[in-house]
Amino acid sequence: MNAAVDRLRALYKPEPALPRADLQDLADGLQAQLVALSEDPTPAKCETVACNLDGARRAILRLRSQLMEVNDE
């Protein structure tokens with residue numbers, strides 16, 4: 001019975017907030033923004049990049065939390 005429960009849990013286990021492909025997209029996007037900022041720094045670009053870095057930070061922390069929950073099971 002325990003094996004069946006484990007299989008059902010695996011089926012309905014939520015996927016991490018950021019799948020691998022999304023992590024690569026995030027990295028590519030941030031890299032492009034940082035390159036653009038270094039080539040033409042403006043206050044507006046600084047604000048945009050800072051906001052996006054904060055969003056990336058929060059997404060990574062959500063992923064971390066989910067991975068810790070999965071590893072605890």
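Source: prediction; values computed, not measured.
- The distance from the CG atom of N52 to the CD atom of Q33 is 4.0 Å, given to the nearest 0.5 Å.
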Q: For side chain to side chain contact (heavy atoms under 4.5 Å, CB included), just list the numbers for L26 and D22, CA-CA rounded to whole Å, side-chain angles, deciding distance to a tenth of an Å, and then say yes or no.
A: CA-CA 6 Å; L26 178 64; D22 289 346; over 6 Å; no
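- Side-chain contact check for L67 versus L63: some heavy-atom pair is nearer than 4.5 Å.
- Expressed to the nearest 0.5 Å, how far CZ of R57 lies from CZ of R64 amounts to 11.0 Å.
- For the pair S38 and P41, the tightest heavy-atom approach, listed with the atom from each and the gap, is O-CD, 4.0 Å.
- Taking CG of L53 as the start and CD1 of I60 as the end, the distance is 11.5 Å to the nearest 0.5 Å.
- Side-chain N or O atoms of S65 include none that pairs as donor or acceptor with a backbone N or O of L61 at under 3.5 Å.
- Taking CD of E39 as the start and NZ of K45 as the end, the distance is 8.0 Å to the nearest 0.5 Å.
- Interatomic distance, CG of D40 versus OG1 of T42, reported as 6.0 Å (0.5 Å rounding).
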